[in-house]
Amino acid sequence: MKLHTTTDAVLVLEDGTVFHGKSLGKVGTTGGEVCFNTGMTGYQEIFTDPSYYGQIVITTVSHVGNYGVQQEEVESGNIQIKGLVCKEFSHHFSRKTAEGSLQEYFEKAGIVGICEIDTRELVRYVRDKGVMNAIISSETTDVDTLKQQLLEVPSMSGLELSSKVTTAQQYDLPVAETRFKVAVLDLGVKRNILNNLTIRGCECRVFPYGTTFEEMEAWGPDGYFISNGPGDPAVTTEAVKSVEQILAVEKPMFGICMGHQILAQANGIPTYKMHNGHRGLNHPVKNLITGRSEITSQNHGFAVDAEAVKNNPNVEITHINLNDNTVEGIRIKNKPAFSVQYHPESSPGPHDSEYLFDLFVEMLEKEKKS
């Protein structure tokens with residue numbers, strides 16, 4: 001088994017706070033918005049989730065890398081995070097089905113990270129101060145130099161990133177027996193979302209960010225899905241225009257995460273940047289329609305304005321977060337459209353919310369019969 005040597009590494013936060021540790025992945029320097037994920041497993045799914053593009057992720061679990069990596073657990077074609085911060089990083093793995101180590105995986109993708117720091121202290125600090133930009137380096141530990149480089153890292157506020165992670169060209173996901181045709185607007189879609197649609201008989205055509213409504217409608221879809229994705233939803237304006245046009249033709253529409261925020265904006269409801277956001281596999285959400293609670297998988301740093309929803313006569317809040325009462329789901333009263341802020345495809349995470357895909361299929365069935 002290959003032995004790995006580590007070098008000194010440093011993490012510098014936007015406010016000047018410094019943490020010293022050891023290198024992981026590629027030796028180099030990387031910058032992005034630092035945030036934390038409270039999940040206890042599923043690190044490969046997290047690292048390949050396009051919604052994390054532009055971010056440095058702190059894992060709150062003690063050990064990362066111990067079960068290696070394998071292809072079936074990726075959510076996109078690339079590692080999407082800008083960097084990793086963890087407590088203990090395992091260069092070796094014990095899972096028999098693993099295809100390689102996380103270290104080799106990061107080296108191949110050019111991902112820079114830092115380990116052997118007190119992540120509990122760091123998470124508490126970020127939790128109190130809020131998400132901020134940061135820089136990791138294992139090629140220099142000169143803090144003053146890194147502070148200057150950190151000034152060049154763009155703020156997530158006002159940053160459009162869906163165009164960076166969307167598919168380069170449209171593609172089809174055929175099924176054995178097509179029940180419905182669903183046009184997917186790819187703002188950074190996760191593979192398991194597409195899996196949840198295709199296993200329910202939805203033939204999907206995935207369209208790049210920026211595709212016009214007319215181009216999607218020309219395919220003749222029975223309904224539309226608006227995906228998750230990274231960046232600030234307030235500047236993802238091309239998607240808002242498409243969703244407004246979908247609402248006008250009254251075809252069934254389902255949005256997840258960024259798709260939820262885009263649906264809100266298409267109804268005149270603004271979004272805002274959260275102090276920390278929600279990232280993990282253990283966030284409690286209440287379904288206000290059924291009265292039942294769900295444990296959910298989440299990854300978002302922006303949210304929908306609750307007061308604006310309450311003041312909109314055509315939009316209803318369907319789900320709320322039980323930790324902070326933020327809006328977790330909406331539906332349009334006079335249109336066949338709904339969305340949730342969290343991730344019902346649950347990859348990784350609990351499966352409490354997969355029923356939402358069934359609700360979308362029921363909506364498609366009803367529309368096809370009418």
Side-chain angles (χ1 to χ4, degrees), residues 1-9 11 21-30 32 34-120 122-123 136 138-139 165 188-196 228 230 279-282 297-299 343 345-351:
M1 187 172 287
K2 181 181 177 182
L3 295 177
H4 293 274
T5 58
T6 61
T7 62
D8 290 338
L11 167 69
K22 294 294 182 179
S23 65
L24 66 86
K26 178 187 175 183
V27 172
T29 301
T30 188
V34 68
C35 61
F36 59 87
N37 185 294
T38 57
M40 297 296 288
T41 188
Y43 57 72
Q44 192 176 1
E45 292 93 332
I46 293 168
F47 301 157
T48 55
D49 179 352
S51 293
Y52 277 115
Y53 186 87
Q55 293 179 307
I56 293 172
V57 176
I58 311 164
T59 56
T60 58
V61 66
S62 299
H63 295 83
V64 175
N66 49 306
Y67 58 81
V69 297
Q70 58 186 28
Q71 182 60 29
E72 67 181 43
E73 293 173 354
V74 302
E75 286 295 336
S76 67
N78 303 292
I79 298 179
Q80 303 289 350
I81 62 171
K82 288 296 183 182
L84 172 67
V85 183
C86 66
K87 174 62 176 173
E88 300 292 340
F89 185 80
S90 178
H91 292 88
H92 309 300
F93 58 90
S94 57
R95 185 170 53 164
K96 291 182 179 179
T97 57
E99 297 159 3
S101 72
L102 186 57
Q103 171 66 24
E104 294 165 338
Y105 193 56
F106 276 2
E107 286 179 351
K108 185 176 180 180
I111 302 299
V112 176
I114 184 172
C115 61
E116 297 186 29
I117 68 170
D118 188 342
T119 49
R120 290 189 300 177
L122 175 58
V123 167
I136 300 170
S138 50
E139 58 186 357
V165 297
V189 70
K190 294 173 67 179
R191 287 183 178 175
N192 204 45
I193 289 177
L194 299 175
N195 292 341
N196 271 278
N228 62 293
R279 299 174 181 88
L281 321 180
N282 49 6
S297 177
Q298 303 207 6
N299 174 21
H343 283 267
E345 80 284 354
S346 308
S347 183
H351 297 165

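Rounded to the nearest 0.5 angstrom, E45 CD and R191 CZ are separated by 12.0 Å. Atoms CD and CD, on E72 and Q44 in that order, are 9.0 Å from each other to the nearest 0.5 Å. In this structure, CG on N37 lies 8.5 Å from CG on N282, to the nearest 0.5 angstrom. With rounding to the nearest 0.5 Å, the separation of CG in D8 from OG in S23 is 8.0 Å. Atom CG of residue L194 and atom CD of residue E75 lie 9.0 Å apart, to the nearest 0.5 angstrom. Summarising the geometry, atom CD1 belonging to I117 is positioned 5.5 Å from atom CG belonging to L11; distances are rounded to the nearest 0.5 Å.
Contact of the E116 side chain with the F89 side chain is not registered, since no non-hydrogen atoms from C-beta on lie closer than 4.5 Å. In this structure, the side chains of I136 and V85 come closer than 4.5 Å at one or more pairs of heavy atoms. Inter-residue side-chain proximity for V165 and P230 is flagged as met; some heavy-atom pair is nearer than 4.5 Å. Here the side chains of H63 and S90 are not in contact, with every heavy-atom distance at 4.5 Å or above.
The shortest non-hydrogen separation linking Y67 to G42 is OH-N, 2.9 Å. The two residues V69 and S101 have their closest heavy-atom pair at CG2-O, 4.0 Å. Residues N299 and S51 approach most closely at ND2-CB, 3.3 Å, considering heavy atoms. In terms of heavy atoms, Q70 sits closest to A98 at OE1-N, 3.9 Å. Nearest heavy-atom pair across L281 and T41 is CD1-O, 3.8 Å. In this structure, G349 and S297 approach most closely via the heavy-atom pair CA-CB, 4.4 Å.
The local environment of CZ in R95 is crowded, with over 12 non-hydrogen atoms from other residues, nucleotides or ligands closer than 6.0 Å. Heavy atoms of other residues, nucleotides or ligands lying less than 6.0 angstrom from NZ of K26 number 12 at most.
In summary, of the residues considered (T7, T29, T6, T30), a side-chain contact (heavy atoms from CB on, under 4.5 Å) with S138 occurs for T7 alone.
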**Prompt:** Yes or no on side-chain contact (heavy atoms from CB on, under 4.5 Å) for F93 and N66, after CA distance, side-chain angles and deciding distance?
**Reply:** CA-CA 5 Å; F93 58 90; N66 49 306; over 6 Å; no
**Message:** Between K82 and Y52, is the side-chain contact (heavy atoms from CB on, under 4.5 Å) condition met? List the steps.
**Reply:** CA-CA 8 Å; K82 288 296 183 182; Y52 277 115; over 6 Å; no
**Message:** For a side-chain contact (heavy atoms from CB on, under 4.5 Å) check, start with the C-alpha distance between K108 and Q103, then their side-chain angles and the critical distance, and finish with the verdict.
**Reply:** CA-CA 9 Å; K108 185 176 180 180; Q103 171 66 24; over 6 Å; no
**Request:** Start with the C-alpha distance between D49 and N228, add both sets of side-chain angles, then the distance that settles side-chain contact (heavy atoms from CB on, under 4.5 Å), and finish with yes or no.
**Result:** CA-CA 9 Å; D49 179 352; N228 62 293; 3.6 Å; yes
**Request:** Evaluate side chain to side chain donor-acceptor pair (under 3.5 Å) for S76 paired with Q80, printing each intermediate quantity in order.
**Result:** CA-CA 8 Å; S76 67; Q80 303 289 350; 3.0 Å; yes
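Under a 4.0 Å N-O distance rule, the pair K190/E73 does not qualify as a salt bridge.
Partners of F47 under the ring pair (Phe, Tyr, Trp, His ring centres under 6.0 Å) rule, at least two apart in sequence or in another chain, are Y43, F106.
Looking only at atom types and distance, the side chain of E88 has no donor-acceptor partner in the side chain of S62 under 3.5 Å away.
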